[in-house]
Amino acid sequence: MKLNYRIVIFALAIIFGIVFSVPSLLQTEGGKKITLGLDLQGGLHMLLGVKTEEATKSRIKSITASIKHFSERNDILIDGLTFDESGIKFEVLDSDEIAKIQEYLKEIDGAVVSLNNQIVSVTLSPEEIAKTKQLAIDQAIETIRNRLDQFGLSEPVVAKQGEEKILVELAGIKTQEEEQRARELISRAAKLELMAVDEDRAARVYNMSAADAAAYGDVILEDAKNPGVKYLVREIPILDGGMLTNANVGFDQNNRPVINFKLNAEGAEIFGDFTGKSVGKRLAIVLDGKVYSAPNINERIGGGSGQISGNYTVVEAKDLAIALRSGALLAPIYLMEKRSVGPSLGADSIKASMVALIGGFVLVIVFMVVYYRGAGVIANIALIANLFLLLAVMSLFGATLTLPGMAGIVLTVGMAVDANVIISERIRELIREGKSMHKAIEEGYANAMSAILDANITTLIASVVLYAYGTGAIKGFAITMSIGILASMLTAILGTHGIYQMLESKMMKSKNYKFWFGIKA
Amino acid sequence: MEFFKYTRPFNFMGKSKIAAIISIVLILASYALLATKGLNYGVDFAGGTIVQVKYDTTAPIDDMRQKLEGNEVFANASITEFGSPDEVVIRLKTTTGSVTTDIGDLTREALKGTGNFEVRRVDIVGPKVGNELREKGVMAMLLAIAGILVYVAFRFEWRFAVASIFALIHDVSIALGAVSLSGIDVNLDVLAALLTLLGYSLNDTIIVFDRIREGIETSKKTVLAEIINESVTRTLARTTLTSLTTFFVVLTLFLFGGEIIHPFAFTLLVGIIVGTYSSIFVASPVLMWFGFSVQNYHEKLAQKAKREAEKNRMREQFESGVM
């Protein structure tokens, strides 16, 4: 027996394979591991879309609010301030003030102002609309990520997919309640608005239709806890959650959980101005279009802090505070794709594919030994090394093992012996032609090489395309296939050749073709 | 052990006409199936909802139907056994766009009182996503074929690439026919299986082609059919053995891999059989029919060798001239 460079590399590869696959196989604490896909460990996979047109709408709404506040603060008399999806319209009563208001509107990004007599229309430029939509998506990703980070799951994935989709993956969600909570937290718009109650008409709210209310510039909102209770509030909010800087859970005098929020300087100013002017009136605290409370304003509230009370449990209040803190969703999200797998199904899938993997493996190993004898044993060593290498490389990359990935491994086992079969057949052929063992081995490898390379490279091309174009599950399959092919080139071409070279002197001496290659020479 | 001891070449090409008839019949039958019965697109491609429910004991399917019937959400739901009598899959054509209202919760609610069960899986694929997945899938398939063809044309000769396309179309068509016939749900994993089949079938074809090319270069024979016969016979052992080991493994996957992996394993099983057959009886005859000429190839090789020799001579002259 003699050492050669091939066997040394092969040995190193085996050591590498074993060392780096141990953490995954034993599920130890440290070390890089293969993560199990959601289909194997259970969890929630969602593809979310963003209703971006809502973001433009709310942008226009908030510009409207600031126009209103600006004109009130500067004593500019305006009339008929209305807005819809396409833009804002109002009339400036004193033509001298038009310049002043135009000056102010110029400051607003992307606002296109046009003037017809004294009627001002404000629309958003197409670039601004595109920007707003993009912002809504980016901000939704950021917000959802923030919320999930505070939710306490181990490794939530929140990523942009394509141009306008959001991928959310939550591994290890065990119970239905947990899933429910996570979904609520993600989808909660958390849009906080402070709106003035229209005290002049409030008494008539139960006899009004939405159209009636709109005619007065009002909207009818329901109470969050008692859907029967209705409020008539001014459509243009005093301020919205964009000016919120913090939100925390606190407790009121009855020890019920409440949410304390703080506003930024601008918000505090507007809030102070409004409350100062509106003593004796009610202020509706509106969250996601529902009124949470509508306390009387007893005095001017400076400092910019407020409180939302409602009949929450502590968990609800906590989730709500998380949602408020991490910001409102500029636009609502909707579900495009959802896959949830219960932990028991995942465990079943692992069990089933393990049975298939081990079954297939044993079959192949037995077959190879029976058919090729010594050469079969050598091929099997390469096959086992191949499996370890595959696991090791996947662990190092932190690859995710999915069910199709498992199938990919099982298939790799079937195909990994291919190179060895080609080589063994070539060697047998040469031996039958009467070549010496040494010659047969060397020429066998040389002859087999181009076929093996061509075959593997084509399969590799297919896998790479699969990876580039595939989605989740197919990607997993492509990764295992590619690594399996590369590993089998190393083990089957280099490794087995090294073993033959190491054993060559022994083989030459014994001349037992039956024992080594399973044939009579 | 030896199954295939090479003694003399089998006359494979002599049987190529019969093989062609079989192939054409199978392909036409497959297309007829695809045209009439069509593919049974699963939620991944058609969009829709799947809820997988597992009971402690045998699933009370009739009871479930009754409970779901009156429910608006589950209108037109189909309920089928999934793998074992305990497990059931409810399929809906509709999806919900809301993140908060969950079809899993609704199912739990609706099936209350039918026994002890667990909702194990909920898959919802919106129509937009389904379309996109399908487009991407087809794109991946075409690109994979294109990539492989460029490689084959570059490494071999254009006729080899054309012949491998024929074999590929042959294999994928028949596999699709089998998928249609069996009525399994065509989901992403079936697509993965079809793509694997592409790789596998080409793998097989290329190893045969490699041997044919070698035969053309080294053999003294000039009749292509004879060279092909010899090469195919010589690779027969390998072709069958690898197909067998892969077949065993996929068969274990099919038998023990669980219901979820069934469509994948089934498609692959068909694919391995067809792929092995096609590398012998489809790819090689096509090569022959496309008028691959051994003489021309030899001449080309000879010319290439001559050019090489000329280059070497000039280089030597140049180098000695400088010296």
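Just so you know, these numbers come straight off a predicted model, no measurement behind them.
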Exercise. Nearest 0.5 Å please: distance from the CD1 atom of A:I457 over to the CD1 atom of B:I206.
Key: 9.5 Å
Self-check item: Interchain contact, B:S98 with chain A, by part (heavy-atom threshold 4.5 Å)
Solution: backbone
Self-check item: OG on A:S340 to CG on B:D102, rounded to 0.5 Å
Solution: 6.0 Å
Quiz item: Is a donor on one side and an acceptor on the other found under 3.5 Å between the side chain of B:R238 and the backbone of A:V421?
Solution: no
Quiz item: If you round to the nearest 0.5 Å, how far is OG1 of B:T252 from CD1 of A:I358?
Solution: 11.0 Å
Quiz item: Taking all atoms of both residues into account, what is the closest heavy-atom pair of B:A144 and A:V465, and its distance?
Solution: N-CG1, 3.6 Å
Quiz item: Non-hydrogen atoms of chain A under 4.5 Å away: do they reach the side chain of B:L253, the backbone, both or neither?
Solution: both
Exercise. Please name the pair of heavy atoms, one in A:S187 and one in B:V99, separated by the smallest distance, quoted to 0.1 Å.
Key: CB-CB, 3.6 Å
Quiz prompt | B:I124 versus chain A, the contacting section by heavy-atom distance below 4.5 Å | solution = both
Practice problem: Select one option (side chain, backbone, both, neither) describing which atoms of A:V417 are under 4.5 Å from chain B's heavy atoms. | Solution: side chain
Quiz item: Nearest 0.5 Å, what's the CG-CZ distance between B:D105 and A:R183?
Solution: 5.5 Å
Practice problem: Let me know if A:E184 has heavy atoms under 4.5 Å from chain B in its side chain, its backbone, both or neither. | Solution: both
Self-check item: Contacting moiety of A:Y371, where chain B heavy atoms sit under 4.5 Å
Solution: both
Quiz item: At a heavy-atom separation under 4.5 Å, does A:F517 approach chain B through its side chain, its backbone, both, or neither?
Solution: neither
Exercise. Using non-hydrogen atoms and a 4.5 Å limit, figure out which bit of B:V125 sits close to chain A: side chain, backbone, both or neither.
Key: both
Quiz item: With chain A, which of B:R155, B:R211, B:R121, B:M139 has the greatest number of heavy-atom pairs at distances under 4.5 Å?
Solution: B:R211
Quiz item: Hey, which of A:S349, A:G360, A:P343 has the most heavy atom pairs under 4.5 Å with chain B?
Solution: A:G360
Quiz item: Given A:D454 and B:N203, is the side chain to side chain contact (heavy atoms under 4.5 Å, CB included) satisfied, shown in steps?
Solution: CA-CA 8 Å; A:D454 282 338; B:N203 212 34; over 6 Å; no
Practice problem: Could you tell me whether the side chain of B:L236 reaches within less than 4.5 Å of the side chain of A:E425, counting heavy atoms only? | Solution: no
Quiz prompt | Max heavy-atom pair count under 4.5 Å with chain B, selected residue of A:K165, A:M46, A:K351, A:R188 | solution = A:K165
Quiz item: Is any NZ, NE, NH1 or NH2 atom of the basic residue among B:K54 and A:D348 found under 4.0 Å from an Asp or Glu carboxylate oxygen of the other?
Solution: no
Quiz item: Could you walk me through whether A:E179 and B:R108 pass the salt bridge (Lys or Arg N to Asp or Glu O under 4.0 Å) check?
Solution: CA-CA 14 Å; A:E179 196 199 305; B:R108 240 182 300 274; 6.0 Å; no
Quiz item: Roughly how far, to the nearest 0.5 Å, is the OH atom of A:Y372 from the CG atom of B:L241?
Solution: 4.5 Å
Quiz prompt | Portion of B:E259 that has a non-hydrogen atom of chain A nearer than 4.5 angstrom | solution = neither
Quiz prompt | More than 12 heavy atoms from other groups under 6.0 Å of CZ on A:F367 | solution = yes
Quiz prompt | Contact winner vs chain B - A:S450, A:G49, A:G408, heavy-atom pairs under 4.5 Å | solution = A:S450
Quiz item: Is it the case that more than 12 heavy atoms not belonging to B:F254 sit under 6.0 Å from its CZ atom?
Solution: yes
Quiz item: With only heavy atoms counted, which part of A:L44 is less than 4.5 Å from chain B, the side chain, the backbone, both or neither?
Solution: neither
Quiz item: Could you walk me through whether A:I452 and B:I207 pass the side chain to side chain contact (heavy atoms under 4.5 Å, CB included) check?
Solution: CA-CA 7 Å; A:I452 295 173; B:I207 284 163; over 6 Å; no
Exercise. For each of A:L48, A:T458, A:T459, A:N447, tally heavy-atom pairs with chain B at distances under 4.5 Å, and name the one with the top tally.
Key: A:T458
Quiz prompt | Euclidean distance, B:I261 CD1 relative to A:L403 CG, rounded to 0.5 Å | solution = 3.5 Å
Quiz item: Under a 4.5 Å heavy-atom cut-off, does chain A meet the side chain of B:K136, its backbone, both or neither?
Solution: both
Quiz prompt | Which atoms of A:L47 approach chain B - backbone, side chain, both or neither, heavy atom under 4.5 Å | solution = side chain
Quiz prompt | Part of B:L133 within contact of chain A (heavy atom distance under 4.5 Å) | solution = side chain
Practice problem: Using a cut-off of 6.0 Å, state whether more than 12 heavy atoms not belonging to A:Q180 lie near its atom CD. | Solution: yes
Quiz prompt | Option in B:G137, B:P127, B:G126 with maximal non-hydrogen atom pairs under 4.5 Å from chain A | solution = B:G126
Quiz item: Checking B:L255 against chain A: side chain, backbone, both or neither under 4.5 Å from a heavy atom?
Solution: neither
Quiz prompt | Heavy-atom side-chain contact between B:V249 and A:L363 under 4.5 Å | solution = no
Exercise. Would you mind checking which part of A:L460 comes under 4.5 Å of any heavy atom in chain B, side chain (CB onward), backbone (N, CA, C, O), both or neither?
Key: neither
Exercise. Using non-hydrogen atoms and a 4.5 Å limit, figure out which bit of B:V122 sits close to chain A: side chain, backbone, both or neither.
Key: both
Exercise. Measure A:R373 against the heavy atoms of chain B and call it side chain, backbone, both or neither at under 4.5 Å.
Key: neither
Self-check item: Side chain, backbone, both or neither of A:I422 within contact of chain B (heavy atoms, under 4.5 Å)
Solution: both
Quiz prompt | No-hydrogen, no-angle side-chain donor-acceptor test under 3.5 Å, B:R120 and A:S344 | solution = yes
Self-check item: Under 4.5 Å from any heavy atom of chain A - which part of B:F156
Solution: side chain
Practice problem: Decide, yes or no, whether a salt bridge links B:D123 with A:K338 under the criterion of side-chain N to carboxylate O below 4.0 Å. | Solution: no
Quiz item: At a heavy-atom separation under 4.5 Å, does B:D189 approach chain A through its side chain, its backbone, both, or neither?
Solution: neither
Quiz item: If you count heavy-atom pairs under 4.5 Å between each of A:A352, A:G342, A:G346 and chain B, which one has the most?
Solution: A:A352
Quiz item: If you count heavy-atom pairs under 4.5 Å with chain B, which of A:R426, A:R428, A:E337, A:M481 comes out on top?
Solution: A:R426
